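To keep things clear, I will list the structure first and then write my remarks on it.
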Amino acid sequence: MAARGALLKYLRVKVQAMPTTRNPNNNGLFGLSFNSIRRFSEEVRGTFLDKSEVTDRVVNVVKNFQKVDPSKGYDWKLKVKWVTPNAHFQNDLGLDSLDSVEIVMALEEEFQFEIPDNEADKINSISLAIDFISSHPQAK
C-alpha cells in the first residue's frame with residue numbers, strides 16, 4: 001500500500017480548469033476547424049454508392065438470375081413490369097427462400113462486400129436490397 005501511495009503521488013499531474021470565455025485561438029471541436037470537419041464528412045459521404053446506380057445494378061442481377069423467368073419480365077395484358085425495384089422475391093417473382101439466399105450471394109459478388117447473415121435474412125425484396133446496399137460504405 002505504501003508503494004502504491006508513493007507511486008500515485010509521483011504520477012499526479014496538476015489540472016487547471018478551462019476558462020469559461022471563448023478563446024479566439026480555439027479552432028472548434030478538439031482543435032479542428034469547421035472546414036476540416038466538413039471536409040471529413042464529405043469524404044465519408046462520398047464512399048456510398050448512388051442509389052440510382054445501386055437500383056440499376058440490383059435489378060440487373062435479379063433479372064439475370066437463372067430462376068427468374070424472362071417471360072415474366074413484362075405482362076402485356078396488364079402492362080406491368082415484374083422485375084421492378086418494388087418486386088418481392090417470393091410474392092412477385094415466385095422464388096423460394098433458397099433462391100433468395102442465392103440472389104443475396106450474387107449481390108455480394110456484384111458489390112464486392114459481405115452481407116452479414118442476420119441482415120441477409122431480412123432481404124426478401126429488391127427494395128430492401130437496394131436500401132441495404134446503398135447505405136453500406138463498403139459496397140463498390
Side-chain angles (χ1 to χ4, degrees):
M1 274 308 207
R4 181 177 179 263
L7 184 60
L8 288 176
K9 186 175 183 180
Y10 175 75
L11 293 176
R12 284 204 177 109
V13 178
K14 287 188 178 186
V15 178
Q16 296 178 356
M18 299 272 301
T20 56
T21 60
R22 180 154 171 84
N23 182 353
N25 296 329
N26 187 358
N27 289 335
L29 183 66
F30 304 112
L32 296 173
S33 69
F34 178 73
N35 288 334
S36 357
I37 294 171
R38 186 176 187 185
R39 194 172 329 114
F40 175 75
S41 67
E42 287 172 357
E43 288 172 8
V44 170
R45 188 177 19 183
T47 61
F48 294 95
L49 293 174
D50 182 48
K51 197 164 187 169
S52 63
E53 177 190 350
V54 172
T55 301
D56 292 342
R57 289 171 63 186
V58 169
V59 168
N60 192 36
V61 166
V62 174
K63 278 184 181 179
N64 292 327
F65 186 65
Q66 61 191 1
K67 294 186 182 177
V68 172
D69 186 4
S71 65
K72 284 192 172 181
Y74 191 80
D75 186 342
W76 292 99
K77 289 182 186 175
L78 300 175
K79 297 184 180 177
V80 175
K81 248 172 113 173
W82 291 109
V83 182
T84 66
N86 298 322
H88 190 274
F89 295 153
Q90 293 173 341
N91 300 341
D92 298 326
L93 302 176
L95 303 174
D96 60 19
S97 59
L98 183 58
D99 296 332
S100 297
V101 170
E102 290 178 12
I103 285 180
V104 169
M105 290 171 57
L107 292 172
E108 288 176 331
E109 189 175 317
E110 171 71 21
F111 291 96
Q112 301 175 6
F113 80 104
E114 187 174 337
I115 300 173
D117 290 341
N118 62 338
E119 294 297 328
D121 293 341
K122 298 175 189 173
I123 298 175
N124 58 13
S125 68
I126 294 177
S127 62
L128 289 174
I130 292 167
D131 291 341
F132 181 79
I133 293 168
S134 63
S135 67
H136 203 285
Q138 292 180 341
K140 296 177 183 177

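The model shown is predicted, which means the values in this text are computed figures rather than measured ones.
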> Is there side-chain contact between Ile133 and Val58, with heavy atoms separated by less than 4.5 Å?
Replying inline: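 With C-beta onward as the side chain, the pair touches.
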message = Could you check whether any side-chain heavy atom of Phe65 comes within less than 4.5 Å of a side-chain heavy atom of Asp99, counting everything from C-beta outward?
response =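 Counting from C-beta outward, Phe65 and Asp99 do come under 4.5 Å.
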Would you tabulate the side-chain donor-acceptor contacts of residues 105-119 under 3.5 Å, counting partners in other chains and residues two or more places apart, or write 'none'?
from, atom 1, to, atom 2, distance (Å)
Glu108, OE2, Ile115, N, 2.8
Glu110, OE2, Arg57, NE, 2.9
Glu110, OE2, Arg57, NH2, 3.3

Can you list every pair that meets side chain to side chain donor-acceptor pair (under 3.5 Å) and has a residue in residues 128-140, with sequence neighbours left out?
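Sorted result for residues 128-140: Lys51-Asp131.
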Provide the closest heavy-atom pair for His88 versus Gln90 in the form atom of the first, atom of the second, distance.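 Distance-wise, the nearest heavy atoms are ND1-N, 3.2 Å.
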field: Non-hydrogen atoms of Lys67 and Leu95 that approach each other most closely
entry: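 In this case the closest contact between Lys67 and Leu95 is O-CD2, 3.8 Å.
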> For Asp50, what residues pass the side chain to side chain contact (heavy atoms under 4.5 Å, CB included) criterion, not counting sequence neighbours?
Replying inline: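 If we apply the side chain to side chain contact (heavy atoms under 4.5 Å, CB included) test to Asp50, skipping adjacent residues, the hits are Ser52, Glu53.
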Exercise. Check whether Val61 and Val101 end up in the same hydrophobic cluster, where Ile, Leu, Val, Met, Phe, Trp and Tyr are linked by side-chain heavy atoms less than 4.5 Å apart.
Key: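 No, Val61 does not connect to Val101 through the hydrophobic network.
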Partner residues of Asn60 under the side-chain hydrogen bond (donor to acceptor under 3.5 Å, both in side chains) criterion, sequence neighbours left out =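 Per chain and number, Asn60 pairs via side-chain hydrogen bond (donor to acceptor under 3.5 Å, both in side chains) with Asn64.
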Q: Might you work through the side-chain contact (heavy atoms from CB on, under 4.5 Å) test for Val62 and Ile103, ending with a clear yes or no?
A: CA-CA 7 Å; Val62 174; Ile103 285 180; 4.1 Å; yes
Without placing hydrogens or testing angles, list every side-chain donor-acceptor pair under 3.5 Å for residues 120-128, not counting sequence neighbours.
from, atom 1, to, atom 2, distance (Å)
Ser125, OG, Ser127, OG, 3.2
Ser125, OG, Leu128, N, 3.3

